[in-house]
Amino acid sequence: MIRSPLMTVMVDAVMKASRSLKRDFGEVENLQVLAKGPGDFVSKADHKAEEILRAALEKARPGYGFVMEESGVVQGTDESNRWHIDPLDGTHNFLRGIPHWNISVALERDNQFYAGVVYDAAKDELFVAEKGKGAYVNNRRMRVSGRREPAEMLIGMGVPHIGKGGHPLFLRELASVMPRFANVRRMGSAALDIAYVAAGRMDAYWERGLNTWDFGAAAVMVREAGGTFGTLDGKQPTSATDVICGNEAGEPALRAALKTVV
């Protein structure tokens with residue numbers, strides 16, 4: 001693939017931040033960890049990576065706004081563009097030495113997710129997508145899976161952690177999904193799970209209670225890979241919290257299963 005100037009900026013920023021995280025991941029037992037809430041932790045590595053990302057993106061695209069997991073919303077002078085940044089998605093995995101976490105950066109342009117980068121540093125898999133230019137993993141074109149029968153489909157999901165709420169609804173939804181599909185997976189990173197849908201590794205995915213930095217980058221990938229990305233809360237993706245995506249058959253089949261839940 002030929003990278004656009006925008007994608008070059010995004011990938012360069014993510015790679016700079018990844019070097020810091022890789023070093024910390026190698027010394028995960030020595031990390032100083034602060035409690036951010038029940039079952040939700042943030043490490044110094046998280047803050048450091050966000051600072052690196054913000055500095056690199058501000059230098060390359062001055063005026064763009066930011067929506068960041070750790071530092072919140074920063075208004076830019078350019079009202080058409082803003083970055084959605086998750087410096088460390090899959091924090092629980094990271095802190096336990098499980099090699100399934102990533103850096104996620106999305107560009108929102110004119111109220112739509114326009115481009116995204118998700119980098120799985122532990123496995124060295126770089127997922128990228130830009131509107132109208134396709135989706136790629138390590139320079140290989142991504143396409144959603146061609147599976148059509150729910151009984152053959154693998155469904156990704158997010159499980160609400162302690163203190164988040166929504167457990168009774170999730171259990172009812174899971175009870176509706178499990179009999180209809182081949183199997184389900186919870187891997188601990190929304191961004192990677194959705195990128196896996198784009199890559200055809202999973203056939204559909206749903207999760208409630210997310211933030212835009214969790215899914216914005218991967219949402220572009222699903223659409224550019226020929227899939228469908230939507231919401232369950234009726235909001236536009238740039239302000240949604242409950243999301244659903246999948247291939248042409250998987251997303252509507254999963255949505256139908258979730259609609260039976262009361």
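All values derive from a computational prediction rather than experimental measurement.
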Just grab all the side chain to side chain donor-acceptor pair (under 3.5 Å) pairs involving [range], residues at least two apart or on different chains.
{"range": "residues 187-198", "answer": "D89-S189, N102-S189"}
{"range": "residues 212-223", "answer": "H84-T212"}
{"range": "residues 5-19", "answer": "none"}

Identify, with sequence neighbours excluded, every residue that meets side-chain contact (heavy atoms from CB on, under 4.5 Å) alongside [X].
{"X": "Y136", "answer": "M1, V128, R141"}
{"X": "T231", "answer": "D233, P237, A240"}
{"X": "H167", "answer": "P160"}

So salt bridge (charged side-chain N to carboxylate O under 4.0 Å, His left out) across residues 243-262, not counting sequence neighbours, yields R148-E248, E251-R255
Can you run down the salt bridge (charged side-chain N to carboxylate O under 4.0 Å, His left out) pairs that involve residues 121-132, sequence neighbours left out, and say none if there aren't any?
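Those involving residues 121-132 are D120-K123, E125-R201, E130-K133.
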Sequence neighbours left out, what passes salt bridge (Lys or Arg N to Asp or Glu O under 4.0 Å) with [X]? Give chain and number order.
{"X": "R54", "answer": "E58"}
{"X": "D203", "answer": "R147"}
{"X": "K235", "answer": "none"}
{"X": "R61", "answer": "none"}

Side-chain (T260) to main-chain (A257) donor-acceptor, under 3.5 angstrom
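Judged by distance alone, yes, a pair lies under 3.5 Å.
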Look at the rings of F113 and F215 and say which category their plane angle falls in: under 30° parallel, 30 to 60° tilted, over 60° perpendicular.
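The rings of F113 and F215 stand perpendicular, inter-plane angle above 60°.
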